[in-house]
Visitor: 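Just dropping this structure here.
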Amino acid sequence: IQLTQSPSSLSASVGDRVTITCRASQGISSDLAWYQQKPGKAPELLIYAASTLQSGVPSRFSGSGSGTDFTLTISSLQPEDSATYYCQHLNSFPLTFGGGTKVEIK
Amino acid sequence: EVQLLESGGGLVQPGGSLRLSCAAPGFTLSGYGMSWVRQAPGKGLEWVSIIGTSGHETYYADSVKGRFTTSRDNSKNTLYLYMESLRADDTAVYYCAKGRGGNYPESRTFDYWGQGALVTVSS
């Protein structure tokens, strides 16, 4: 199963609403997670089961979707959200990650 | 707070072998699925392997199948990745990652990650 993320990069201002899309090559129900990775650091889990917020993650992050189309939304972009975001499916083996979306602050 | 500590990375010649370890001091890993995920320099994340709670069930990415072996020693609370027939394109930071639980789907979503171990394959 291949995951295609779009856009590959974006630049937005503090306070903007940001949406990242992840499309699966076949239906994966809600078997999708989202991670945030900052330079030189390990990824951190944001969302699992497509829409469940991981404990400790700010509520400005949300996930939606099922089947083949998924979105990660940051409702009000903050400076600390500058990072690369990855989706990952867990529907079957091999597990795969999307190519990543780099979010920059204007 | 769960801490995952990888060790064993380094420089190895093409065709060589290396073993990575991942320990979790103060936390019991035996009830969780565990994975290895790698990231080549400047590239995205690539899942490498997963091992079930007992160690009997393993799955691998096609790119490493037959060359890498994942194992665990629950008595030592440690995860291993044995890599052989290494190639230049295996050069990456290797992360161990803890599943949220012991079975599908929780085992396949990663809530804690190690700091990463750099493996460089070069002559």
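Values reported hereafter were calculated over all heavy atoms of this structure, with side chains retained and with hydrogens, waters and symmetry mates removed. What you are looking at is a predicted structure, and each value in this text was computed from that prediction instead of being measured. In what follows, chains are A, B, ... by sequence order, proteins preceding strands, each numbered from 1.
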Visitor: Are B/Val64 and B/Val93 joined in one hydrophobic group, where the rule is that I, L, V, M, F, W and Y side chains link up if heavy atoms are under 4.5 Å apart?
Guide: no
Visitor: Determine whether more than 12 heavy atoms belonging to other residues, nucleotides or ligands lie under 6.0 Å from atom CD of B/Glu106.
Guide: yes
Visitor: Pull out the residues in residues 31-60 of chain B that come under 4.5 Å of chain A, heavy atom to heavy atom, sorted by number.
Guide: B/Val37, B/Gln39, B/Lys43, B/Gly44, B/Leu45, B/Glu46, B/Trp47, B/Ile50, B/Tyr59
Visitor: Would the number of heavy atoms belonging to other residues, nucleotides or ligands and lying under 6.0 Å from CD of B/Gln3 be above 12?
Guide: no
Visitor: When clusters are formed by joining ILVMFWY residues with side-chain heavy atoms under 4.5 Å apart, either directly or through shared neighbours, do A/Val103 and A/Ile47 land in the same one?
Guide: yes
Visitor: Among A/Thr96, A/Asp31, A/Asn91, which residue has the highest count of heavy-atom pairs closer than 4.5 Å to chain B?
Guide: A/Asp31
Visitor: Is it the case that more than 12 heavy atoms not belonging to A/Gln78 sit under 6.0 Å from its CD atom?
Guide: yes
Visitor: Locate the shortest heavy-atom distance separating A/Leu45 from B/Arg100; write the atom from each residue and the value.
Guide: CD2-CD, 3.9 Å
Visitor: Is there a side-chain contact between B/Phe110 and A/Leu90, using heavy atoms and a 4.5 Å cut-off?
Guide: no
Visitor: Are A/Leu10 and A/Leu46 connected into the same hydrophobic cluster when the rule is that any two of I, L, V, M, F, W, Y join if their side-chain heavy atoms are below 4.5 Å apart?
Guide: yes
Visitor: Which region of B/Tyr104, side chain (C-beta onward) or backbone (N, CA, C, O), has a non-hydrogen atom less than 4.5 Å from a non-hydrogen atom of chain A, or is it both or neither?
Guide: side chain
Visitor: Please name the pair of heavy atoms, one in A/Gln88 and one in B/Thr109, separated by the smallest distance, quoted to 0.1 Å.
Guide: OE1-CA, 4.5 Å
Visitor: Quick check on B/Arg67: does its CZ atom have over 12 non-hydrogen neighbours (other residues, nucleotides or ligands) under 6.0 Å away?
Guide: yes
Visitor: Restricting to non-hydrogen atoms, name the atom on B/Gly114 and the atom on A/Ala42 that form the minimum distance, rounded to 0.1 Å.
Guide: O-CB, 3.3 Å
Visitor: Following the transitive rule for hydrophobic clusters with a side-chain heavy-atom cut-off under 4.5 Å over Ile, Leu, Val, Met, Phe, Trp and Tyr, establish whether B/Val121 and B/Leu20 coincide in one cluster.
Guide: yes
Visitor: Using ring-ring contact (aromatic ring centres under 6.0 Å, His included) as the criterion, list what pairs up with B/Tyr94, not counting sequence neighbours.
Guide: none
Visitor: Does a side chain donor of either B/Asp111 or A/Tyr48 reach within less than 3.5 Å of an acceptor in the other side chain?
Guide: no
Visitor: Write down the atom of A/Pro43, the atom of B/Trp113, and the distance for their closest heavy-atom approach.
Guide: O-CD1, 3.3 Å
Visitor: More than 12 heavy atoms of other residues, nucleotides or ligands under 6.0 Å from CG of A/Asp69: yes or no?
Guide: yes
Visitor: Are A/Phe97 and A/Leu72 joined in one hydrophobic group, where the rule is that I, L, V, M, F, W and Y side chains link up if heavy atoms are under 4.5 Å apart?
Guide: no
Visitor: Indicate the atoms forming the closest heavy-atom contact of A/Pro94 with B/Ala61, along with that distance.
Guide: CB-CA, 4.5 Å
Visitor: Non-hydrogen atoms of chain B under 4.5 Å away: do they reach the side chain of A/Ser29, the backbone, both or neither?
Guide: neither
